[in-house]
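Numbers restart at 1 for each chain; the letters A, B, ... are given by sequence-line order, proteins then strands. Every heavy atom of this structure was used, including side-chain atoms; hydrogens, water molecules and symmetry mates were not.
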Number of protein chains: 2
Amino acid sequence: MNEKPADTKSSILSIARNLMRQLGYNAFSYADIARKLDIKNAAIHYHYPAKADLLADVMETYISEYQQLGKQLAAANLDPCQKLQQYIAKYSVLTSQDSICIIGSVASDYNTLPESVKAKVAQLINLVIGMVEKTLQEGKEEGVFRFPEPPRVRALLIMTNLAAGVQLARISGKADFVAIEKAIVDQLIK
Amino acid sequence: MNEKPADTKSSILSIARNLMRQLGYNAFSYADIARKLDIKNAAIHYHYPAKADLLADVMETYISEYQQLGKQLAAANLDPCQKLQQYIAKYSVLTSQDSICIIGSVASDYNTLPESVKAKVAQLINLVIGMVEKTLQEGKEEGVFRFPEPPRVRALLIMTNLAAGVQLARISGKADFVAIEKAIVDQLIK
DNA sequence: TCATATGCTTACTTATCAGTAAGTAAGCAA
DNA sequence: TTGCTTACTTACTGATAAGTAAGCATATGA
């Protein structure tokens, strides 16, 4: 049991997610995916007629993933600090995978993305900003967090630290990311 | 007077700089540059045989630009706050140019860069980290800045705020960047 | 004035890209 | 068993990528 169904379409999607974060939108091709799955290029076009369709689906998986994380965090009654740690943890794993976060990936390729995808990018970003903002707000009200800016601005500060932090970590090493990670929390609870 | 020499090689370099920040390494081609200068593709290969050579030269212009900024800031006896503002200003202009910073551009494309260029990327990043760190250190010693982390870590926090801030600004608008910019300074001098 | 170097253009190659058209094997549904 | 669908493969297309080789005009300098 626990066998991977190895459904082709979801395998394509999963590989595309990884390639997006490792190489970026303009640096991976259908051939890369086909090679890994040992299928033909055209098989991918069967599931995703255009590359824009594939990217749109990738974005949608991230949107629902973050929506799920939101509900999950709301259900489990974690304190705001633990919630933030869960969010930070998602970035921490990236540094071990030679990857950057999806938001950073699409943001730096933004001018080259198909128009149909740009809206989904904005949707994902607003979703994540909202989540972080809400957690910060909660923490402030409970007296766990202390910060002078509006929660949204502090959310932007933290998100930019993490997004560019993983980009930096690929070059200068994981230690820099760990230091950033620690400083984010220390700033909030001091 | 003040006529642009319109030297082809430096025009190529200048256009490549802009395309790198607007589109990224994998999304611009020699054809894009040739079109803008109304010359042929092969003319660019005459000056830069391989795309890696062009990118290497782009990186070197940024390295010497930041070295010059460093000397300039050291010569003019500005206070640390003004020095930091000058650095931040370099990012602020990017938001009006549909561009991200060169460091963010090469960082997110890092896995796809030619090996010969990766070293120069690291060199540029270390140079900028060092500059910001030094300014923060000065400010702390003079009592202008107040922050608990080691100066290098605070430099990383500020740089990541700015690098990802301009990436974000392309999507969610300049206002978010302005808020980040303000928060960076407020955090330091409060 | 002849030779050589510079800065291109013309004309190409090879490789890869996204995408398509046609065909097929296997399965399911009536 | 017939007809239709799913999930592909084979075999392309046209466009574009980086890169090259050879030629040619202009300027420079001996």
For the residue pair B:Ser96 / B:Lys174, report whether a side-chain donor-acceptor contact shorter than 3.5 Å exists.
yes
B:Lys40 NZ to D:dA25 C1', in whole Å, measures 16 Å
To the nearest angstrom, the NZ-C1' distance between A:Lys9 and D:dC8 comes to 14 Å
Original post:
Hey, does the Lys NZ or Arg CZ of A:Lys51 hover above the aromatic six-ring of A:Tyr30, less than 6.0 Å from the centre and inside 45° of the axis?
Top reply: no
To the nearest angstrom, the CG-P distance between B:Leu54 and D:dG19 comes to 10 Å
The residue, A:Ala43 or A:Tyr46, whose nearest nucleotide of DNA chain D is more 5′ is A:Tyr46
Modelled atom types, side-chain donor and acceptor of B:Glu141 and B:Gln137, under 3.5 Å: yes
B:Asp38 CG to C:dG7 C1', in whole Å, measures 15 Å
Report, one pair per line, the protein and nucleotides 13-18 of chain D atoms (nitrogen or oxygen only) whose separation is under 3.5 Å.
from	atom 1	to	atom 2	distance (Å)
D:dA17	OP1	B:Ser29	OG	3.2
D:dA18	OP1	B:Lys51	NZ	3.3
D:dA18	OP2	B:Tyr30	N	3.2

From CD1 of B:Ile33 across to P of D:dG19 the rounded distance in Å is 12 Å
(Q) Within the 4.5 Å heavy-atom criterion, are A:Thr61 and A:Arg17 side-chain neighbours or not? (A) yes
B:Ile39 CD1 to D:dC24 P, in whole Å, measures 21 Å
Item to complete: Establish, with yes or no, whether the OP1 or OP2 oxygen of C:dC8 is under 4.0 angstrom from a side-chain nitrogen or oxygen of B:His47.
Response: yes
Those residues at least two apart in sequence (or on a different chain) that pass side-chain contact (heavy atoms from CB on, under 4.5 Å) with A:Ser116 are A:Ala52, A:Pro114
**Message:** Contact between B:Tyr66 and B:Tyr87 at the side-chain level, heavy atoms closer than 4.5 Å - yes or no?
**Reply:** yes
